[in-house]
Amino acid sequence: MGKPNILTTFDSMKDANCGYFSFGKGLGDAIIRQNKGRFNLNYYLSKLASYSFDKKVNVVYLSRLHRIFFPGYNKFDVVHFTDQTCRLRPGKVNAKKILTIHDINKVHIKQSKPHRIKAHINKIKKLISECDKVVTISKFVEQDILHYIPEARNKISVIYNGADKLLVPDNYTPTHLPKRPFLFTIGLMSVQKGFHFLPNLLANNDFELVISGIETPHKKVIIEEAKRFGCEDRLIITGPISDDDKAWYYKNCMAFVFPSRAEGFGLPVIEGMHFGKPVFLSKFTSLPEVGGDVAYYFDNFEPEHMQGVFAEGMKDFRARNRENETMLHAGKFTWDNAADQYLKLYEECLRG
């Protein structure tokens with residue numbers, strides 16, 4: 001009898017600046033490393049993906065026709081859908097099926113309309129009903145699922161994401177070089193990321209603020225807030241950046257700031273902690289779970305409160321020399337650990 005055939009979908013890896021790309025690359029590489037000959041690995045990828053895992057696995061390319069008929073219907077023993085977008089539908093494969101859910105953040109975003117929230121939950125409920133196992137990337141997301149879809153209880157488990165420990169090339173200079181000590185954040189410039197709350201942290205100091213990531217019309221709101229606090233000349237919005245630029249900013253920033261109101265995990269939090277930096281987060285959704293007791297938290301977004309948390313946090317970080325403590329916390333979240341748990345789940349599905 002041959003090795004079991006596993007199909008793992010990474011078809012959301014089209015844009016190197018999105019979270020699904022980082023998740024797919026990190027987990028996909030780690031599964032290859034940790035597989036150790038147990039399974040025949042196959043990855044389902046978009047032809048637009050800029051990363052193809054060095055041809056170390058068999059690749060099945062996404063096609064729109066797969067929504068009608070998937071030629072590999074009977075080919076695989078386990079199919080792992082690694083996010084809830086599911087361009088390959090669970091009903092199109094005859095196999096044990098695992099679904100990873102990253103978040104149902106729509107329920108936490110104030111701008112979401114009730115009928116859209118209901119449709120979103122119903123879509124996820126249908127996907128869960130078609131799969132044998134469900135994984136969430138944090139306990140917070142698990143509790144969200146159990147609250148809205150309690151019938152998932154006997155299928156669900158938590159596997160935390162890893163986060164790559166980035167390296168900065170020798171003598172490297174980023175494209176946008178700050179002139180002063182600076183704060184750093186990265187992510188999609190959407191309302192829920194809360195980057196428009198950050199310019200107020202530049203009051204009463206000489207710091208610059210570097211914001212990187214995919215730009216949206218919300219960029220105008222961030223700039224307006226910088227004008228309101230008189231620090232527009234100390235705001236740098238870079239747009240999407242390379243991994244080398246990102247690593248340089250993490251390594252050289254005074255602190256990483258991430259006031260997001262809707263996160264399933266928050267990979268940048270751990271990436272910043274790998275460099276031993278003080279990290280300032282909102283207290284919302286999954287961030288307290290991921291940041292643990294080494295991060296500092298904004299209870300609300302009132303300027304005076306945020307400025308107080310930031311000033312006291314920076315003082316505490318220096319006084320207690322928390323750099324090593326922060327790096328040790330980050331070290332708990334590795335892609336190899338995540339891959340091991342997913343591979344065990346594949347084995348569990350095959351036994352069941």
Does any part of the side chain of Leu99, heavy atoms only, come nearer than 4.5 Å to the side chain of Lys133, both counted from C-beta? no
So CD of Glu347 and CD1 of Ile6: to nearest 0.5 Å the spacing works out to 9.0 Å
Evaluate the side-chain proximity of Asp164 to Ser22: yes if any heavy-atom separation is below 4.5 Å, no if none is. no
Apply side-chain contact (heavy atoms from CB on, under 4.5 Å) to residues Leu201 and Leu209 and explain how you reach the verdict. CA-CA 9 Å; Leu201 296 180; Leu209 170 63; over 6 Å; no
Without swapping roles, check the side chain of Ser138 against the backbone of Gly264 for a donor-acceptor pair under 3.5 Å. yes
Determine the minimum heavy-atom distance between Trp248 and Pro178, stating which atoms define it. CZ3-CD, 3.9 Å
Taking Tyr44 for its side chain and Tyr61 for its backbone only, find out whether a donor-acceptor pair lies under 3.5 Å. no
Where the side chain of Asn17 meets the backbone of Pro240, is there a donor-acceptor pair that is under 3.5 Å apart? no
What's the separation between atom NZ in Lys14 and atom CG in Leu62, rounded to the nearest 0.5 Å? 7.5 Å
Would you please say whether a donor-acceptor pair under 3.5 Å links the side chains of Arg87 and Ser12? yes
Do any N or O atoms from the side chain of Arg234 and from the backbone of Leu202 form a donor-acceptor pair under 3.5 angstrom? yes
Keeping the roles fixed (side chain from Lys56, backbone from Ile32), state whether a donor-acceptor pair exists under 3.5 Å. no
Report yes if the distance between the aromatic ring centroids of Phe310 and Phe280 is under 6.0 Å, otherwise no. yes
So with a 6.0 Å cut-off around NZ of Lys251, is the heavy-atom count from everything else above 12? no
Would you give the length of the straight line joining atom CZ of Arg153 to atom CD of Glu142, rounded to the nearest 0.5 angstrom? 8.5 Å
Phe53 and Phe10: CA distance, side-chain angles, deciding distance, ring pair (Phe, Tyr, Trp, His ring centres under 6.0 Å) verdict: CA-CA 11 Å; Phe53 300 96; Phe10 292 119; 5.7 Å; yes
Go through His305 and Phe301 one step at a time and tell me if the ring pair (Phe, Tyr, Trp, His ring centres under 6.0 Å) criterion holds. CA-CA 7 Å; His305 169 73; Phe301 301 116; 8.8 Å; no
Do you know which of Phe140, Phe333, Phe23 makes ring-ring contact (aromatic ring centres under 6.0 Å, His included) with Phe265? Phe333
Closest heavy-atom pair and its distance - Phe81, Cys131: CD1-SG, 4.3 Å
Can you measure from CG (Asp244) to OH (Tyr249) and round to the nearest 0.5 angstrom? 12.0 Å
Looking at side-chain heavy atoms only, is the closest gap between Phe182 and Phe207 below 4.5 Å? no
His196: partners by side-chain hydrogen bond (donor to acceptor under 3.5 Å, both in side chains), with sequence neighbours left out: His218
Hey, does Lys97 have a side-chain heavy atom less than 4.5 Å from the side chain of Val78? no
Residues Thr185 and Val257: closest non-hydrogen pair is OG1-O, 2.5 Å
Side-chain heavy-atom pair Ser212, His176 within 4.5 angstrom cut-off: no
Measure centre to centre between the rings of Phe195 and Phe197, then say whether the value is under 6.0 Å. no
Does Thr326 reach the main-chain N or O of Met273 with its side chain, forming a donor-acceptor pair under 3.5 Å? no
Output yes when a side-chain donor or acceptor of Glu208 lies under 3.5 Å from a complementary backbone atom of Lys179, and no otherwise. yes
Ile214 with Ile241, same ILVMFWY side-chain cluster at under 4.5 Å: no
Without hydrogens or angle criteria, can the side chains of His108 and Asp144 be said to hold a donor-acceptor pair below 3.5 Å? yes
Is there a donor-acceptor pair closer than 3.5 Å between any side-chain N or O of Gln307 and the backbone N or O of Asn200? yes
May I ask you to test the Val135-Ile101 pair for a side-chain heavy-atom distance under 4.5 Å? no
Does Ser242 reach the main-chain N or O of Asp245 with its side chain, forming a donor-acceptor pair under 3.5 Å? yes
Does either side chain, that of Asp29 or that of Tyr51, offer a donor lying less than 3.5 Å from an acceptor on the other one? yes
The test is side-chain contact (heavy atoms from CB on, under 4.5 Å); show your working for Ile124 and Ile149 and say whether it passes. CA-CA 9 Å; Ile124 292 176; Ile149 312 169; 3.8 Å; yes
Taking atom types as modelled, is there a side-chain donor on Asp77 or Tyr346 under 3.5 Å from an acceptor on the other? no
Same cluster or not: are Ile98 and Leu350 linked, directly or through other Ile, Leu, Val, Met, Phe, Trp or Tyr residues, by side-chain heavy atoms under 4.5 angstrom apart? yes
Is the charged tip of Lys3 near the ring of Phe39: under 6.0 Å from the six-membered ring centre and within 45° of its axis? no
Do other residues, nucleotides or ligands put more than 12 heavy atoms under 6.0 Å from Arg64 CZ? no
Arg116 CZ: over 12 foreign heavy atoms closer than 6.0 Å: no
Looking at Arg38 and Asn35, would you say the former's side chain and the latter's main chain have a donor-acceptor pair under 3.5 Å? yes
Which heavy atom in Leu281 sits nearest to a heavy atom in Ala295, and how many Å separate them? CD1-CB, 3.8 Å
Flag the pair Met314 / Met254 as yes when at least one side-chain heavy-atom distance between them is below 4.5 Å, and no otherwise. yes
Assess the residue pair Ile270 and Val290 against the criterion (side-chain contact (heavy atoms from CB on, under 4.5 Å)); give the C-alpha distance rounded to whole Å, side-chain angles, the decisive distance to 0.1 Å, and a yes or no. CA-CA 8 Å; Ile270 304 301; Val290 174; 3.6 Å; yes
With hydrophobic residues grouped by side-chain heavy-atom distances under 4.5 Å, do Ile31 and Phe21 end up in a single group? yes
Working for side-chain hydrogen bond (donor to acceptor under 3.5 Å, both in side chains), residues Tyr160 and Glu289: CA-CA 11 Å; Tyr160 288 115; Glu289 181 182 345; 2.6 Å; yes
Carefully, step by step, assess Ile237 and Met189 under the rule side-chain contact (heavy atoms from CB on, under 4.5 Å). CA-CA 10 Å; Ile237 297 178; Met189 284 176 213; 3.3 Å; yes
If we only count heavy atoms from C-beta on, is the Phe70 to Val60 side-chain gap below 4.5 Å? yes
Heavy-atom closest pair, residues Val57 and Tyr43: CG2-CD1, 3.5 Å
When you look at CG of Asn154, are more than 12 heavy atoms from neighbouring residues, nucleotides or ligands closer to it than 6.0 Å? no
Verify whether one side chain among Thr100 and Tyr342 offers a donor that lies under 3.5 Å from an acceptor in the other. yes
How long is the span from the NZ atom in Lys193 to the CD1 atom in Ile186, to the nearest 0.5 Å? 10.0 Å
Between Tyr250 and Glu271, what is the shortest heavy-atom contact and its length? OH-OE1, 2.7 Å
Using a distance-only test with no angle check, is there a side-chain donor-acceptor pair under 3.5 angstrom linking Thr85 and Asp83? yes
In one Ile/Leu/Val/Met/Phe/Trp/Tyr side-chain cluster, 4.5 Å: Val158, Leu267: yes
In this structure, are over 12 heavy atoms from other groups packed under 6.0 Å from Asp233 atom CG? yes
